[in-house]
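Shown next, in structure tokens, is the structure this report addresses.
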Number of protein chains: 4
Amino acid sequence: MYININFKSKTPIYLQLRNQIVKGIAKGELEEGETLPSVRRMAKDIGINMHTVNKSYKVLENQGFVSIHKRKGVQVNSWEEMHHPDFIVELNKRLETLISEAFCRGLSKEDISKTIGELYQKFSRGIND
Amino acid sequence: MYININFKSKTPIYLQLRNQIVKGIAKGELEEGETLPSVRRMAKDIGINMHTVNKSYKVLENQGFVSIHKRKGVQVNSWEEMHHPDFIVELNKRLETLISEAFCRGLSKEDISKTIGELYQKFSRGIND
Amino acid sequence: MYININFKSKTPIYLQLRNQIVKGIAKGELEEGETLPSVRRMAKDIGINMHTVNKSYKVLENQGFVSIHKRKGVQVNSWEEMHHPDFIVELNKRLETLISEAFCRGLSKEDISKTIGELYQKFSRGIND
Amino acid sequence: MYININFKSKTPIYLQLRNQIVKGIAKGELEEGETLPSVRRMAKDIGINMHTVNKSYKVLENQGFVSIHKRKGVQVNSWEEMHHPDFIVELNKRLETLISEAFCRGLSKEDISKTIGELYQKFSRGIND
DNA sequence: GTGGTCTAGACCACG
DNA sequence: GTGGTCTAGACCACT
């Protein structure tokens with residue numbers, strides 16, 4: 001899985017990494033049960049601090065995307081483990097803010113639906129891999 | 001317009017306020033040309049510092065949602081002024097991250113479309129008021 | 001002389017008015033000895049507060065552009081009265097800042113000279129009127 | 001880089017600082033990629049408040065002169081990043097006002113061209129360093 | 001009475 | 001150790 005960090009971005013590095021891993025899971029590039037690169041390995045590969053990778057993994061664990069085992073490393077959870085309802089409430093709040101903004105920017109419901117449709121096609125392809 | 005700040009949230013107060021004002025604009029609770037409460041008034045009403053409100057208003061100004069005048073206060077911009085294409089690129093990136101996450105959480109394309117549809121109905125109502 | 005105030009501008013109204021009067025003098029639209037509209041007249045014409053016009057006129061007087069007489073009103077000074085060396089030092093400082101910025105923005109010396117040349121043509125035409 | 005603040009000036013401190021940094025960039029005293037002193041360091045050095053320095057840096061960031069990173073501090077942008085066309089329009093307006101004033105003060109086109117020529121020589125020297 | 005500026009001190013997030 | 005956030009209180013500019 002290819003990670004691309006923008007060091008000039010306002011988004012903290014640990015969140016950029018977290019976001020790209022979530023996208024990777026959605027697109028099927030990271031499959032259920034798959035082991036993520038070790039903290040040291042990932043840090044070296046993308047040229048960031050080990051502690052920063054560690055923070056990303058901790059966040060992903062707290063949000064139910066992965067499980068951290070001392071022996072087996074960091075593994076992608078099953079879909080069931082990710083489907084925890086607690087997160088969905090918070091997700092809908094973020095969606096409301098984002099969609100409000102999209103409306104203000106002049107995007108129609110159809111514009112957004114189209115973008116979402118394209119994203120979901122990517123996700124489905126991943127599942128069939 | 002009713003503002004509700006969660007002081008325990010990890011989201012900074014000035015961003016919570018900013019987000020709620022954006023939602024208010026989308027829903028038509030704040031109309032084009034309408035004047036927001038003065039920084040001091042708003043600060044007092046929601047129990048935060050004047051400078052924090054000021055920061056929210058400045059962010060909204062930079063993002064094209066409002067205009068700040070020394071005498072007249074802070075006014076909601078017209079839709080045309082909000083439709084700046086620069087923001088749409090950034091908006092789509094945020095949408096991609098959010099939708100990826102939604103997919104992982106088990107939400108179907110239809111679930112999201114339904115939520116968005118409901119939001120857009122609220123927005124439309126605002127326009128017809 | 002046509003005055004155009006932008007109420008949305010960050011530049012205070014009294015300075016916008018002051019700047020446009022200075023431009024008018026430079027372009028010859030306002031000639032030496034000519035009387036400016038009265039404070040009340042000007043305020044009414046451009047739809048601003050009387051005190052704001054008054055402030056503009058006071059500033060112009062302090063800067064040597066006009067003289068305020070109780071009887072005759074506000075008169076444009078002669079060129080000699082405007083050529084006070086004190087202002088030239090301050091002008092050069094502002095020029096240095098502006099030109100530094102222009103350089104950073106990628107404007108060449110020729111770009112700027114061309115703009116200045118065009119402006120000076122306007123000024124000269126005014127003199128020949 | 002030497003900063004000199006005039007506390008009696010009508011120009012706000014944060015703008016004086018901003019202007020001097022822009023001049024420093026133009027003259028090559030601050031090179032592309034160079035890191036500015038931290039807000040606390042700069043504040044201490046020139047005897048002003050940290051937040052005032054912060055405001056200068058934020059303005060410079062908004063205007064495309066520098067980039068602010070949480071860890072690495074504030075870095076001077078590349079020339080390409082400064083060449084944003086939006087600013088050039090506004091720059092020309094300011095130039096028109098300034099040149100009008102210069103004309104009123106009795107400066108000839110040649111006087112101004114000479115000053116600008118001298119400034120551009122300073123800038124060029126910076127580039128050749 | 002509005003926002004703008006400046007100062008001051010505290011704690012937090014980032015890496 | 002960096003900038004980000006929040007609070008607090010003062011005086012000023014604008015109209």
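Order of the sequence lines fixes the chain letters, A, B, ..., with proteins taken first and strands second; residue numbering starts at 1 for each chain. Fair warning: this is a prediction, and the values are worked out from it, not measured in the lab.
An OP1 or OP2 oxygen of E:dG1 is reached within less than 4.0 angstrom by no side-chain nitrogen or oxygen of B:Ser38. Between C:Thr52 and F:dC14, a side-chain N or O to OP1/OP2 separation shorter than 4.0 Å is absent. Remark: B:Asn54 is in phosphate contact with E:dG4, judged by side-chain N or O atoms under 4.0 Å from OP1 or OP2.
Residue D:Ile13 is the one, among A:Thr11 and D:Ile13, whose nearest nucleotide of DNA chain E lies closer to the 5' end (criterion: closest heavy atom). Each of B:Lys70 and B:Phe7 has a nearest nucleotide on DNA chain F; the 5'-most of these lies closest to B:Phe7. With DNA chain E read from its 5' end, the first of the two nearest nucleotides for A:Pro12 and D:His51 is the one closest to D:His51.
Under the 3.5 Å distance criterion, the side-chain polar atoms of D:Glu81 are matched with a main-chain donor or acceptor of D:Ser78. Side-chain atoms of D:Arg18 do not come within 3.5 Å of backbone N or O of D:Tyr57 as any donor-acceptor pair. Distance alone, capped at 3.5 Å, is enough to place a donor-acceptor pair between the A:Asn77 side chain and the A:Gly64 backbone. At least one donor-acceptor pair under 3.5 Å links the side chain of D:His83 to the backbone N or O of C:Cys104.
When rounded to the nearest whole Å, the span between CG of C:Leu17 and P of F:dC14 equals 13 Å. Atom-to-atom, NZ of B:Lys8 to P of E:dC12 comes out at 16 Å; the value is rounded to the nearest Å. A straight line from NE2 of D:His69 to C1' of E:dA13 spans 16 Å, rounded to a whole angstrom. Atom CG of A:Asn49 and atom P of E:dG15 are 9 Å apart (whole Å). Remark: C1' of F:dA13 and NZ of C:Lys10 are 14 Å apart, rounded to the nearest angstrom. Atom CZ of D:Arg40 and atom C1' of E:dA10 are 10 Å apart (whole Å). Note: CD (B:Gln75) to C1' (E:dG3) measures 13 Å, nearest angstrom. Computed from coordinates, the D:Tyr14 OH to F:dC12 P distance equals 18 Å when rounded to whole Å.
One cannot find a donor-acceptor pair under 3.5 Å joining the base of E:dG3 and the side-chain atoms of B:Arg71.
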What verdict does the side-chain contact (heavy atoms from CB on, under 4.5 Å) test give for B:Ile48 and B:Tyr14, after you've listed the backbone C-alpha separation in whole Å, the side-chain angles of each residue and the deciding distance to 0.1 Å?
CA-CA 10 Å; B:Ile48 64 174; B:Tyr14 82 96; over 6 Å; no

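Proximity note for D:Lys58 (side chain, C-beta onward) versus F:dA8, E:dT2, F:dG4: the nearest is F:dG4.
Here A:Lys55 lies in heavy-atom contact (under 4.0 Å) with sugar-phosphate atoms only.
Pair assignment for E:dG1: F:dC14, on the basis of Watson-Crick or G-U wobble contacts that are both within less than 3.5 Å.
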